[in-house]
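Since the model is a prediction, treat every value here as computed from it, not as a measurement. Order of the sequence lines fixes the chain letters, A, B, ..., with proteins taken first and strands second; residue numbering starts at 1 for each chain.
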Amino acid sequence: MQPNYFDKNSDFKRNRLFELMLKIPEPAINMSNYHFNNIEAKWQKYWAENQTFKAENNSEKPKYYVLDMFPYPSGAGLHVGHPLGYIASDIYARYKRHQGFNVLHPQGYDSFGLPAEQYAIQTGQHPAKTTKENIARYREQLDRIGFSFDWSREVRTSDPSYYKWTQWIFIQLFESWYCNVLEQSFPISELIDIFEEEGNMGLNAKCGNNQPEFSAEMWNSFSEEKKQKVLLNYRLTYLAETEVNWCPQLGTVLANDEIVNGVSERGGFPVIKKKMIQWSMRISVFAERLLQGLENLDWSESLKETQRNWIGKSVGASVEFRVVNEKEEFQGIAIKTFTTRPDTIYGVTFLTIAPENELVDKITTIEQRIEVAKYITETAKKSERERLADVKNITGVFTGAYAKHPLTKELVPIWIGDYVLASYGTGAVMAVPCGDQRDYDFAKHFDIPIKNIFEGVDISEAAHSDKEGTIIANSDFISGYSYKDASDKVIEALEKNHRGKKEINYRLRDAVFSRQRYWGEPFPVYYKNGLPQMIDAKYLPIRLPEIEKYLPTETGEPPLGRADNWAWDTNINTIVSNKLVSKSEIEGYEDNGIYPLELNTMPGWAGSSWYMFRYMDALNNDEFASKEAMDYWVNVDLYIGGSEHATGHLLYSRFWVKFLHDRGFLSVDEPFKKLINQGMILGESAFVHRLGFNITFWDINQNPKHKTKTISMFGASSILTIEEKRGLSKLQDKYVIIEDKFFSAELIEHFKKRNDGNDESEKYRREVENKYMSILKVELEEQGVLDKVRLDFALIGSKYNFYRTHADVSFVNTSNELDIEAFKNWRPEFKDAEFITEEDGTFKVSREVEKMSKSKYNVVNPDDICNQYGADTLRMYEMFLGPLEQAKPWSTAGITGVHSFLKKMWRLFHTPVTDTERRTLSGAEVSRSESEENTFNISENPASKDSLKTLHKTIKKVQEDIENFSFNTSVSTFMIAVNELTAQKCTSKEVLEPLLVLLSPYAPHIAEELWNKLGYSESISTAAFPKFEEKFLVESMKKYPISFNGKMRFTMELPLDLSKDEIEAAVMSHEKTIHYLEGRTPKKVIVVPGKIVNIVG
RNA sequence: GCUGAAGUGGUGGAAUUGGUAGACACGCUGGACUUAAAAUCCAGUGGACAGUAAUGUCCGUACGGGUUCAAGUCCCGUCUUCAGUACCA
């Protein structure tokens, strides 16, 4: 038998302690007779060996599909936040199994992505290798928590056998178009049929497409090349020059949902607008269906709202303003605007168009050209972020041109303003300053007249944007009408004279699908004469080529441009060397049938948009999943994951599923029936405070002075005296200058090197900061120091200040004291830094709740919790923390409560040791009698009435809680049940056995162990969920709360079958009633049988 | 600014249809066992006041009103926090 190390009272432990003279630190393990370590490993092994949770595709049972959002396997491993949702879904999956469902509960990895590639760039390791290692670590961590995943269906998006089908779906999208009339996707061949028979005129008219028109004859006379170019305008994935979000630091384009506050979601780098030829997904045609589809989904209202906002439907009208220049009407030049307020059309006093609008060039008058050109260059220079930050500044320029108002025929000036976005609507607005604050501000700023068209509304201070309850005035035939009626009339009038019509606009843009990266799915595409060609699906997968370095090429091509073997031989349908590429475009060369392959790869959301269907039939080599499998599993019944995917993954996957449905590949058109967003578990970061300063480089040759770089210096000890430190607050506005020219020049040299962006930059940073920190010779000066510096660059340190730096939470004890030596060893650059100490000389950290992340050093590893308390405790504690959907900081305070609950549960099944016995037995004997097999003590005798009541109360509550996803309260319910049964000294199998089944979704390991001890050879997961029986809860008496004027005063036990009158009589004759009435006669007595009595006096 | 969610003891959080506010747990206080510590067990624990005590009185679910026999819960207004989103025409 294993020495019982975990029981401190055991002889083994005593001897050991004696040996070590009590010098060893306390093991971080709670002493217990319940040996979770052995039990958990044992059952995890059993489940894996017996494939206990393998789901069958052929089953008579009803199906239930529980899915977690699969993780991206990062190098940091799992932290305690990740399992939260997995635990919840696992409880639900296990519960459904107990209820007799055939449960599909799979797991996999979203394993293509940026971090693995960034790591590859830094270390030269192949992303496939690091990804594989990360997955192995994830798997190890997941296994320790005891999830009931069916691992035989594991998917990895970076696996060629998986991305083969991602590529296949891409081909299907390319081979499809969308009919706006039937609101459905069809094969492109059907569109070609239409073109051959009737051209595209009919389509244009019916679908509101704005494509150049052609007849059937014209189509048939087009060259093949021309035909293909036309078709690209219809395909659901298409190649086009689009304005994209380009991130120079990441070297790739980003989708709208990958940008947060104008910077990249990953890394926080600036993003600029740039025109590039890119693959796009025509998601915008699905906007209405994506919006309508939300109605029938069981998702949280807030998440649906987020998607609605992202789709951004607005109903209004398009209004056309024909341009007039030098009092002559320009034939065909019209500014199309979109408005949600057609009723305000008589308030239009000018038009504003976006600086990027292509009409700018055409309409600007000769006199205004210089001014306009200047303005356009200025706005183009600003990044997206600067523009966002600059919202308050009103800028614009007059084009010199005028347009004719479609109803009044008056001339209105056309302005350019950057408050109008090229990417929304038509990139032009009809400005109604009296009704829109932005138009109002613009008009005030440039002195444009403001016309009031609202009855009895004062607009001298601000625009009036309320539409409800406002009456239109001063507006010809719509004066006196409300918003709704006036709008209808205006639209009618506009339609009559062909100057506009009712229109619906969506914010949702087509999604850019190309990424200039290595670690993603390659496109199954080659280029012939510059036109994209799909590779036949039977030659998939197109595998990622090997490359030396994971960086863009010298000519700026994506990393795949470095591959030697990256051309497609159409003769043998294989990837061949680039050197063989056909030079047919150049005269004198023959077309040898070998063409260059696409250099971009697909974005991260490609693989995650359809993975839920792959799990249904994960090993299928002939289809992405068989029809039989999909007919059985249909779609995901319960999906659990974070709300951060609201506008990315959850929208894109709905789009792909609708498309696959249209084309008959799927029977459902929504992937996720019910969705729950688990709240994020936050970490408590620790901050250490120090003195320091920043040094800023200024280029003094530029005017205004241009700030070029700021670096942070870590220490201040060598330059500040004690007195100065005390007077620190007084130094706020003073500057530090470095007068040593030599030093400055050398530092600049280093910075030049650093700015090259090569791999050594980090090393240089350290070098500069460490080398010069201690030799800085600085003095304090009053402001005006710039005169003294004669270098090209001036070095000016900003004010001294307190700085805070993240400290790893593992260096901090429970009293928030920092182990400063450990910290300095960990971050040697802080060796000489001056840290702020407490009065008693200790280093204390301040705490702040933040997102748990490796870079914030506040990560808690679930492995540590498992080591200390076990997986069952971790599972129950994470549930006990609070409501699933709520964000909450991680704290281990309270985990002992859950742990001791499990120990009490264990003890319920074993001979209790009485206090008397405890006193007479030695510690070792107590432990032995409690822990060994023969103390397992379950009686076959019928249970007491009380115990049965406890059991059924618990069944009812736990079942309700699971179905409402209120896992925190069911943990409490278990605690109450165990407390009550312990008090009742219940040992009855009749009660304890069902209780065990009830508990098993939450604490599967201990449940399996006790189940096994009860004599079952099958896993507890095969047991049926206990049936709740009302009869055990039926009461004959009720303790009535008796209240006076709503205040509860005392309780009174009465039989439940009394009538209202009998209850009233009983209460009124009670001595306390007489006492509380103090002689008054009650006005009214409210009796709610079975609930409450209230006496109104 | 807009949209959504929330505000309850020292802490995490309960209260399902308006019906005994603070379940359960942590923490804290006291006690038992122990040479001691740990572990375990028992008792107490929203606040204020009165009383030797049993007990009693008042206050109390962000704030101000209202509806009701009865409000954490419903209605109106205000404030605060968190999340999402934003020159969206």
Q: Report the C-alpha separation of A:Y877 and A:H899 in whole Å, then their side-chain angles, then the decisive distance to 0.1 Å, and conclude whether the ring pair (Phe, Tyr, Trp, His ring centres under 6.0 Å) test is met.
A: CA-CA 8 Å; A:Y877 183 61; A:H899 189 60; over 10 Å; no
Counting side-chain heavy atoms from C-beta on, which of [options] comes nearest to [X]?
X: A:Q886; options: B:A89, B:G13, B:G19; answer: B:G13
X: A:R438; options: B:C87, B:G84, B:C24; answer: B:C87
X: A:K904; options: B:C41, B:G13, B:G56; answer: B:C41
X: A:T969; options: B:A15, B:G13, B:U3; answer: B:A15
X: A:K903; options: B:U40, B:C69, B:A15; answer: B:U40
X: A:P883; options: B:G13, B:U40, B:C24; answer: B:G13
X: A:V429; options: B:A86, B:A89, B:C24; answer: B:A89
X: A:M1048; options: B:U57, B:C88, B:A21; answer: B:A21

Any strand: nucleotide that pairs with [N] via Watson-Crick or wobble, under 3.5 Å:
N: B:U20; result: none
N: B:C41; result: B:G31
N: B:C49; result: B:G56
N: B:C79; result: B:G7

Q: For B:G56, measure the glycosidic angle (O4'-C1'-N9-C4 for a purine, O4'-C1'-N1-C2 for a pyrimidine) and name it syn if it falls within 90° of 0, otherwise anti.
A: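 You should classify B:G56 as anti.
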Q: Look at all strands and tell whether A:F974 reaches a base, only sugar-phosphate, or nothing, counting heavy atoms closer than 4.0 Å.
A: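 No contact.
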Q: Identify whether any heavy atom of A:R1049 sits under 4.0 Å from a base atom; if not, whether one sits that close to sugar-phosphate; answer base, sugar-phosphate or nothing.
A: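 Here A:R1049 touches the backbone only, sparing every base.
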OP1 or OP2 of [N] under 4.0 Å from side-chain N/O of [X]:
X: A:Y877; N: B:C24; result: no
X: A:N968; N: B:A25; result: no
X: A:S1043; N: B:G19; result: no
X: A:R507; N: B:A86; result: yes

Expressed as a whole number of Å, how far does the [atom1] atom of [N] sit from that of [M]?
N: B:U73; M: B:U16; atom1: P; answer: 12 Å
N: B:A62; M: B:G9; atom1: P; answer: 8 Å
N: B:U17; M: B:A6; atom1: P; answer: 14 Å
N: B:G44; M: B:C58; atom1: C1'; answer: 23 Å
N: B:U55; M: B:G65; atom1: C1'; answer: 36 Å

(Q) Classify the ring geometry of A:F442 against A:F446: parallel below 30°, tilted from 30° to 60°, perpendicular beyond 60°. (A)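 Taking A:F446 first and then A:F442, their aromatic rings sit tilted (interplane angle of 30° to 60°).
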Q. Taking only residues two or more places apart in sequence or in another chain, which ones pass side chain to side chain contact (heavy atoms under 4.5 Å, CB included) with A:T982?
A.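 Partners of A:T982 under the side chain to side chain contact (heavy atoms under 4.5 Å, CB included) test: A:L908, A:V978.
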Q: Round to the nearest Å and state the distance from A:D961 atom CG to B:A15 atom P.
A: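 Atom CG in A:D961 sits about 8 Å away from atom P in B:A15.
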**Q.** Distance in angstrom units between A:I1086 CD1 and B:A70 C1', rounded
**A.**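 My rounded result for the distance is 8 Å.
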Q) Considering residues, nucleotides and ligands other than A:K949, do more than 12 of their heavy atoms fall under 6.0 Å from its NZ? A)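 Atom NZ in A:K949 is not crowded, with 12 or fewer foreign heavy atoms closer than 6.0 Å.
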